[in-house]
Amino acid sequence: MTHRVLLGVSAGISAYKTPSLVRLLRAQGVSVRVVMTKAAAQFVTPLSLQAVSNEPVLSDLWTADDPNGMDHIALARWADHILIAPATADLMARLACGMANDLLTTLCLASSAPLLLAPAMNKHMWANKAVQANYQLLESRGVRFIGPESGEQACGDVGLGRMSEPEAIVELLLAKMGLPKALGALQGQRVLITAGPTQEPLDPIRFLSNRSTGTMGYALAACARDAGAEVTLISGPVALAPLSGLNMVLVTTAESMHDAVFQHIDNQDIVVCAAAVADYTLPEVLSEKIKKKEGALTLSLERTKDIVQAIMAMPNPPFCVGFSAETHDVIVQSEKKRKRKGLPVLIANQVGENCGFGDGDVRVSVLSDAGVEPLEAASKKALAPLLWEKVLAKS
Ligand code: C5P
């Protein structure tokens with residue numbers, strides 16, 4: 001299940017930290033929509049938050065139904081958690097009074113999602129009796145708080161009032177959602193991922209391929225990138241938009257994928273082979289279009305090189321994770337495959353006519369020497385951080 005966080009941003013100087021808050025949440029597979037107070041736009045631009053959340057940023061109650069047809073009630077229903085960071089004294093006062101005089105406060109009233117506030121203000125403001133009374137009142141109604149922290153403030157004062165750091169806010173929120181901790185171990189790691197299908201040409205017009213869409217490999221790559229890894233993504237032909245902020249290498253055939261992997265494998269820490277590499281190819285591509293004739297057509301195909309096996313045959317292979325798509329006896333077949341290929345971890349995935357490819361929930365199991373660990377069905381985007389967590393625990 002994908003978790004959905006509505007991030008409310010009010011007008012504190014620490015609003016400049018909210019783009020990294022959004023990125024950290026998204027790296028965990030959490031969907032984030034941002035709602036700002038009008039004044040918050042003085043501290044961070046809606047465009048920055050739109051770019052990192054990949055969603056329109058809203059602030060006006062009266063135009064909230066324009067983008068994506070989401071009015072404020074629909075957005076209130078959408079959220080399974082509301083986080084307000086930074087939460088100013090003014091915003092706390094308006095929440096305490098039950099006001100609904102802008103989009104953010106209206107959403108808070110209209111939603112039954114748990115509310116987490118990260119206050120940020122000058123230390124005298126925080127100590128003010130009115131603010132403290134609002135804090136007590138909100139807490140008594142079940143609103144959770146993180147911070148404020150003590151330290152140097154933007155205004156030059158030193159004291160209680162700094163917004164908690166994005167990492168700490170995300171960690172608390174993830175714990176509340178039952179999600180794994182931030183994927184800190186990926187920071188600075190070199191990660192190579194293969195994704196998508198390969199295409200094996202038969203003649204200048206036709207090729208052999210499969211139904212892989214690259215969704216899982218791209219989700220793993222984006223997640224590792226957002227968690228601070230240096231990512232190389234070697235992708236077969238897919239309809240997905242190329243990812244930014246990582247080294248994208250586009251290939252077509254199994255042979256070109258093999259060559260690209262070995263061009264980039266030096267000094268990699270972790271390799272994830274999520275690509276559905278063709279097992280067979282035509283030894284020589286016909287230079288002219290194959291003409292139809294009476295009777296059957298026989299083509300003689302030869303085996304492609306197994307990239308995973310070649311990696312595991314290296315003297316000091318990087319930690320390598322394979323994927324296994326099977327239609328029948330998924331676990332038995334996949335465990336045999338894991339042993340045959342010498343892989344420490346293999347992610348087994350049930351595929352069929354209507355499952356396993358593209359978007360939609362998938363049910364996977366993590367196979368390793370520790371046994372079989374089935375994971376709950378989830379979208380590939382939501383699975384990516386969970387899979388990284390499992391891989392990091394075993395690497
Ligand atoms: O043998 P099978 O194709 O089912 O194994 C799947 C795993 O092996 C995947 O991780 C896939 O990326 C990898 N593979 C490979 N090179 C091949 C075939 C599969 O790396 N030629």
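Indexing begins at 1, ligand by ligand and atom by atom, following the structure's order. Quick note: numbers below take in every heavy atom, side chains included, and nothing from hydrogens, waters or symmetry partners. All of these numbers come straight from a predicted model, not from anything done at the bench.
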*Are the side chain of Thr194 and the backbone N or O of Ala274 linked by a donor-acceptor pair below 3.5 Å?*
yes

Give every pair made of an N or O atom of ligand 1 and a protein N or O atom lying under 3.5 Å apart, one pair per line with both atom names and the distance to 0.1 Å, or write 'none'.
residue, atom, partner, partner atom, Å
ligand 1, 1 (O), Lys341, NZ, 2.9
ligand 1, 4 (O), Lys337, NZ, 2.5
ligand 1, 5 (O), Lys341, NZ, 3.0
ligand 1, 8 (O), Lys341, NZ, 3.0
ligand 1, 10 (O), Cys273, O, 2.7
ligand 1, 10 (O), Phe323, N, 2.9
ligand 1, 10 (O), Phe323, O, 3.3
ligand 1, 12 (O), Cys273, O, 3.3
ligand 1, 12 (O), Ala275, O, 2.7
ligand 1, 16 (N), Ile307, N, 2.9
ligand 1, 20 (O), Ile307, N, 3.4
ligand 1, 20 (O), Val308, N, 3.0
ligand 1, 21 (N), Lys305, O, 2.9

*Arg338 and Leu367: which non-hydrogen atoms are nearest, and at how many Å?*
CD-O, 3.5 Å

*Can you sort out the partners of His81 under ring-ring contact (aromatic ring centres under 6.0 Å, His included), two or more places apart, ordered by chain and number?*
none

*Are there more than 12 heavy atoms of other residues, nucleotides or ligands under 6.0 Å from atom CZ of Arg77?*
no

*Contacts of type side chain to side chain contact (heavy atoms under 4.5 Å, CB included), residue Leu297, not counting sequence neighbours*: Ile290, Leu299

*Could you give all pairs that pass the side chain to side chain donor-acceptor pair (under 3.5 Å) test and reach residues 293-321, with sequence neighbours left out?*
Glu255-Lys305, Asp306-Lys341

